[in-house]
Amino acid sequence: MLDVNAIEKRWQQYWEKNKIYRFDPKSKKKIFSIDTPPPYASAGHLHVGHALSYTQFEIIARVMRILGREVYFPPGFDDNGLPTEKYVEEKLKIDKSKIDRAKFRKLCLEESKKIEKLYAEKVFKRLGHSYDWDLLYTTISPEAQKIAQIVFLRLIKSKHCYRKEEPVIWCPHHETALAQAEVEDLKRKTKLNYVSFDIENKTKNKKDKTKNKIKIATSRPELLSSCVAIFVNPQDKRYKHLIGKKAIVPLFNYKVPIKQDEKVDPEFGTGIVMICTFGDTGDIELWKKYNLPLKISINKKGKLNNNAGKYQGLTLKEAKEKILEDLKKEKKLIKQEEIEQTVGSCWRCSTPIEFIVTKQWFIKTLSFKKQLIAQGRKIKWYPGFYRARYEDWVRNLGWDWCISRQRYYGTPIPVWYCDKCNQVILPTEKELPLDPIEHEKICPKCKKKAVPDTDVFDTWMTSSNTPEIASQWLKNPQLYKKISPMSIRPQSHDIIRTWAFYTILKSYLLFKKIPWKEVTINTFVLDPKGRGMSKSRGNAIWADDLIEKYGVDAFRYWVGSASLGSDIPFKEQELVAGKKFLTKIWNASRFVFMHLKNYKLRKPKKLEAIDSWILYKLSDTLENVKTFYEKYNIAEARKKAEIFFWHDFADNYLEIIKDRIYNGTPRGKKSAKYTLYICLLSILKMMAPITPFITEEIYQKYFKKSEKDKSIHISTWPKIDIKINKKIEKSGNLFIKILAKVRKEKAKAQKSLKAEIILTIDKKTQKELKPFINDLIAVTKAKEIKTGKFSIKFL
RNA sequence: GGGCCUGUGGUCUAGUGGUAUGACGUCACCCUUACAAGGUGAAGGUCGCUGGUUCGAUCCCAGUCAGGCCCACCA
């Protein structure tokens, strides 16, 4: 019987031991290189979505290999980010802020190595992934850090990277700057507070006291002490008289100017807005435009500072409550209304972001929008519409890319600053990789010890170099030259704005070229009801269990049904179908080799008609499957291969030749044997990328003796040595139709398919079916064939 | 508010200017010397809705509804 587990183990070991998937740089074949997404190796269960997307491009790797490319497929791990930090802290029960950076990084390196090894075994190898493990890379490795730092230095040199004091997006929880791409929407309910401001130089008209006050609606009263101006819309007749006057900020009692700008929406709130430094991006915009003063009230921890007077030290939340309370006391809070609000928040901790002015490093993006869009158009996207998403993102960019992070762990920013003259001191490329904390630098001008930068890079700063890291840009420039630009970048759509974008950006700024020729966007798995899977929803499905239950090949068979870039609801039924397929191909192979014991492949001089017919079909199928595979349409390729195997080959062909293979003439047997051998081997090769274990098992068990390749997975795509005879093809199809008709009649009569009959068919059909007449008699159990209108009679 | 994607028998899906593919499920029959985890058949769809182009549209165009995703706004 078919023991899937034993098969999986056996061949995984065999592949590894014999380095079946090793990349040969000397090969003359065309190279197909993959910019693998390096996963973060987690200790937990394997999510089906993750298992699917990684297996999806792994199938592509196998497809390209069997279609004759030299495949460059390096495995990688992303261990350069926050998750690693957190994992190590939790596992070793340490606090990273209380231990020095070098030591902490060493621990991270050690721990990630361990967990990655486990992950490689448990996930990649288990799923039958065909990486070349000699090419393994990790993003925390010295090599990857060196690349990130060199790129940084070169971008400074080319003036694409700069340091500036600017309002930046800030996460008060993580206490670090963030990039625009790290901000996510957070919908929440909040109160819009209507606050009364007094106007300076009150009119003496006692009848119209209302003119002495204005109402401002704000959702952020805690920033009152940062208010630097008040704006109204110039078209707004209600407030024309206010422009140029000054208002007094309640509780803090200082004056701010009232100005006008088109950006103010007269419909929102009261139509009057206060500008604080900084409540949102709109504040920043007007602050810049009108050169307003800077009055920061928030510190890096998200607490109020001394600008906030007596509210100093309070958290934003506490301050909001206290200030509202005080406003109420002074009768300055007129009303409150609940509104639905969307605020930017940190993608990791969902803390609403703030804007803080700090010195940070940036890489230019805004001045290259046009070029970046042009680069995106040189790349082929699968599916094509995802290019639009990339372009949308580029067009809407509002900030240069802030690459410095105030974190403990990551690739250090290799610079020093002179306290005295403010000069930035850079290392030479030869010194890299380095952590400036561990090195002393003297300011060349002041001869004073310079201060090391303690920040690290945004993790995307390293990840966006995967094409360089994976293809050994520094270590092996010749190899890099051969491989770059890489063939494909497989990735998910949610990181188009980060991983894809930053990689394209870097490649452009550094080399003025595209990093890869194609991007494939993987399928996204939903739960059976079509909702996204997540731990919090409790509807996550783990691949481990499924593999245990159905086997890897069955799982991969399901992966093979997914089309790039679309969503797929998970249905366990699909795995049942996969398992059925495995059983079927196993049994079919057993049957074939019952009759091919000690068979040596030799093409007979003349093939029986039905043998030719199935070989035509096969040849056609191979062509179709290849075409779909080349377009990464795995699902359609699988379907075509399967229809051939299941219906043409197993249901029809095998049934038709059974009689001949058991009772036929030696010549007839030879013809059948040849055909069986070619068909089965081709079927295995067509399916090998999707179900690598079962196909290898059958190949090794039956075909290895007579085939030269060490593994089916490094064999060549079949070529059918046959000239297509249209007439035979056509009458073969007719034969199958007649056969179906006979079967239908038998089913209708509730008779066994073995039931013997007298078959009546018309003269013309008889004539056309002449080459197949013996087969027809055998397969339909016709004891006699009469001439006339189609009918069957049971004996 | 802008952009993108999707909408096909109970479920999932292919597809094309000429009323539709396959799988799962359902039903009937057949234990056929590889396979009952099989085979042979059957039933089941006005291809989201409304208009238009066309001799003819599921496929092209416009609008509309529903679902999903991305982005912007968010005082």
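These numbers were taken from a predicted model, which means no experiment stands behind them.
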Under 3.5 Å, is there a donor on one side chain and an acceptor on the other for [X] and [Y]?
X      : Y      : result
A/S219 : A/T190 : no
A/E574 : A/Y557 : no
A/Y239 : A/Q260 : no

If the [atom1] atom of [N] is compared with that of [M], how far apart are they to the nearest Å?
N     : M     : atom1 : value
B/U40 : B/G7  : P     : 31 Å
B/G45 : B/G2  : P     : 39 Å
B/C5  : B/G15 : P     : 15 Å
B/U16 : B/C47 : C1'   : 12 Å
B/G39 : B/C31 : P     : 16 Å

Does [X] reach a base, just sugar-phosphate, or nothing at all? Heavy atoms under 4.0 Å.
X      : result
A/V264 : base
A/H595 : nothing
A/E267 : nothing
A/T281 : sugar-phosphate
A/W558 : nothing
A/K658 : base
A/R590 : sugar-phosphate
A/D265 : base
A/L654 : base
A/A755 : nothing
A/F268 : base
A/A217 : sugar-phosphate

Just to confirm, is there a sub-4.0 Å distance from OP1 or OP2 of [N] to any side-chain nitrogen or oxygen of [X]?
X      : N     : answer
A/K744 : B/C29 : no
A/Q750 : B/U40 : no
A/W586 : B/A37 : no
A/S219 : B/A75 : yes
A/H493 : B/G68 : no

G-U wobble or Watson-Crick pairing nucleotide for [N] (cut-off 3.5 Å, both distances):
N     : answer
B/G25 : none
B/G7  : B/C65
B/C35 : none
B/G45 : none

On the six-membered ring of A/F790, is A/K741 placed so that its NZ or CZ lies under 6.0 angstrom from the centre and within 45° of the ring axis?
yes

Please report the closest heavy-atom contact between A/D553 and A/I694, naming both atoms and the distance.
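Result for this residue pair: OD2-N, 2.7 Å.
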
Can you tell me how far [atom2] of [N] sits from [atom1] of [X], to the nearest Å?
X      : N     : atom1 : atom2 : answer
A/I284 : B/A75 : CD1   : P     : 12 Å
A/K263 : B/G1  : NZ    : P     : 18 Å
A/D527 : B/G68 : CG    : P     : 13 Å

Selected nucleotide, minimal atom distance to [X] side chain, candidates [options]:
X      : options             : answer
A/T218 : B/C73, B/A75, B/G41 : B/A75
A/Q341 : B/G2, B/A75, B/C30  : B/A75
A/L192 : B/C35, B/G38, B/A75 : B/A75
A/A388 : B/A75, B/G38, B/C4  : B/C4

Output yes when A/R238 and A/D236 qualify as a salt bridge under the 4.0 Å nitrogen-oxygen rule, no when they do not.
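Yes, charged N to carboxylate O under 4.0 Å.
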
Any ion pair linking A/K631 and A/E636 (charged N to carboxylate O, less than 4.0 Å)?
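Judged by the 4.0 Å cut-off on N to carboxylate O distance, A/E636 and A/K631 do not form a salt bridge.
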
Would you call the rings of A/F649 and A/F644 parallel, tilted or perpendicular, taking 30° and 60° as the class edges?
parallel

B/S/- along nucleotides 10-17 of chain B (protein heavy atoms under 4.0 Å) is -SSSS---

Worked check of ring pair (Phe, Tyr, Trp, His ring centres under 6.0 Å) between A/Y390 and A/W393
CA-CA 5 Å; A/Y390 165 80; A/W393 176 254; 9.9 Å; no

Is the gap between the ring centers of A/F570 and A/W558 under 6.0 Å?
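Close enough - the centres of the two rings lie under 6.0 Å apart.
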
